[in-house]
Amino acid sequence: QGNRIERLQQLLIGAGANPGPIDGLFGDMTRSAIKALQIRAGLSPDGVVGPRTWALLGGKISGTTLPPNATAEHLAGFAEIEASKELRWTGSTSEAEKYLEPFRGQMERLGQIGSAPVFYNWCAAFVAYCCRQIGIDIPDQPAGYWATMALVESWKYWSRQQGTWLSPHTTFPRRGDIVCFEWNDGDVSLDHIGIVRQYSEGSAMLETSEGNRGNLSQNGTRQLTRVA
């Protein structure tokens with residue numbers, strides 16, 4: 001109990017859960033709020049603030065130290081919550097516009113879209129949004145490339161620039177990794193992108209958080225053979 005529980009309760013409210021009054025007491029309402037958050041993110045609802053639940057809350061509870069893989073854990077946790085909202089882009093007033101809007105100005109300057117807020121494939125914009133929300137610096141456009149980070153090909157180009165690109169089947173995906181997929185259209189071009197939620201070594205599938213999956217933000221699964 002005390003200040004750390006008060007901070008936990010504040011973080012739960014910020015994540016859209018209801019812990020009851022901010023009183024510094026770890027009571028039934030606080031535990032229920034944690035479970036609700038865990039269920040929404042696809043975690044086991046045990047009511048315990050372990051590393052994954054901690055990451056969902058931003059990993060910012062005062063007086064604690066983030067684990068070494070904090071950035072990846074934080075990204076995965078944030079993306080889980082964001083994807084669970086299942087937002088659909090239906091126009092400039094829809095909530096999903098927050099993913100698309102940051103790139104519109106540069107795309108217009110590049111002559112790739114007009115001034116009207118039209119739909120474009122926004123899986124990469126979703127990943128950029130999640131990264132930026134937790135403090136990862138993502139450029140609008142990679143240096144020397146013709147397109148913005150709203151395009152999957154730009155992520156491939158930029159990751160190679162950064163030395164972080166790993167070719168298919170060279171390693172196992174980890175929670176918080178950013179991965180490219182073949183979009184089930186038979187062209188094997190790795191033309192979709194998302195964030196890894198979970199992978200168990202030996203499994204043929206991995207769990208992901210994605211944008212523009214049928215024009216929705218969603219948590220889902222992907223075949224490992226279609227991933228880089």
Side-chain angles (χ1 to χ4, degrees), residues 15 34-59 66-88 99 121-131 133-134 136 138 152-153 155-156 158-160 162-228:
I34 293 168
K35 289 181 177 180
L37 178 70
Q38 290 168 328
I39 290 170
R40 194 170 71 193
L43 302 180
S44 176
D46 58 8
V48 176
V49 184
R52 293 183 67 181
T53 303
W54 184 10
L56 294 176
L57 295 167
L66 285 171
N69 61 342
T71 299
E73 184 67 42
H74 195 174
L75 177 60
F78 181 89
E80 282 180 339
I81 291 180
E82 198 62 35
S84 73
K85 296 176 182 178
E86 297 196 345
L87 300 183
R88 181 187 301 273
Y99 308 134
N121 290 325
W122 50 275
C123 59
F126 172 85
V127 172
Y129 175 87
C130 291
C131 289
Q133 288 299 301
I134 70 158
I136 299 174
I138 302 296
V152 176
E153 289 297 321
W155 279 87
K156 294 190 222 176
W158 185 63
S159 65
R160 290 185 173 103
Q162 302 299 307
T164 57
W165 174 262
L166 296 173
S167 299
H169 318 306
T170 59
T171 189
F172 292 112
R174 299 169 299 179
R175 179 170 164 82
D177 281 352
I178 296 171
V179 288
C180 294
F181 315 103
E182 199 285 304
W183 179 238
N184 299 326
D185 53 9
D187 63 4
V188 298
S189 63
L190 300 174
D191 46 8
H192 188 63
I193 194 168
I195 297 166
V196 176
R197 286 188 295 130
Q198 193 66 37
Y199 174 72
S200 298
E201 188 170 342
S203 174
M205 308 293 291
L206 71 157
E207 301 174 24
T208 60
S209 300
E210 304 170 32
N212 197 34
R213 185 170 172 142
N215 191 26
L216 284 173
S217 59
Q218 285 188 323
N219 291 313
T221 59
R222 291 285 176 185
Q223 293 182 15
L224 185 60
T225 56
R226 295 177 179 268
V227 171

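With sequence neighbours left out, Y99 forms a ring-ring contact (aromatic ring centres under 6.0 Å, His included) with W122, F126, Y129. With sequence neighbours excluded, the residues satisfying salt bridge (Lys or Arg N to Asp or Glu O under 4.0 Å) with K156 are E153.
Here the side chains of E182 and T225 are not in contact, with every heavy-atom distance at 4.5 Å or above. No side-chain heavy atom of S203 sits under 4.5 Å from any side-chain heavy atom of L224. Counting heavy atoms from C-beta on, the side chains of V152 and N121 never come closer than 4.5 Å. Two residues are said to be in side-chain contact when any heavy atoms from C-beta on lie closer than 4.5 Å; D177 and F172 fail this criterion. Looking only at side-chain heavy atoms (C-beta outward), R222 and M205 stay at 4.5 Å or farther from each other.
At least one donor-acceptor pair under 3.5 Å links the side chain of S217 to the backbone N or O of L87. A side-chain donor-acceptor contact under 3.5 Å links N219 to the backbone of E80.
Shown here for C131 and I178, the closest heavy-atom pair between the two residues is SG-CD1, 3.8 Å. The two atoms that bring G194 and F181 nearest to each other are N-CE1, 3.3 Å, heavy atoms only. Here the closest heavy-atom approach between residue A15 and residue L37 is recorded as CB-CD1, 4.0 Å. Contact between A76 and I195 at its shortest, heavy atoms only, is CA-CG2, 4.3 Å. The shortest non-hydrogen separation linking I138 to A128 is CG2-CB, 4.2 Å.
Of the inter-residue distances, the one linking C130 atom SG with I81 atom CD1 reads 10.5 Å to the nearest 0.5 angstrom. Of the inter-residue distances, the one linking L190 atom CG with C180 atom SG reads 6.0 Å to the nearest 0.5 angstrom.
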Inset, instruction - Would you please test T208 and E210 for side-chain hydrogen bond (donor to acceptor under 3.5 Å, both in side chains) and show each step? - result: CA-CA 6 Å; T208 60; E210 304 170 32; 2.6 Å; yes
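When the options R175, R174, R197 are evaluated for a salt bridge (Lys or Arg N to Asp or Glu O under 4.0 Å) with E207, the one that passes is R197.
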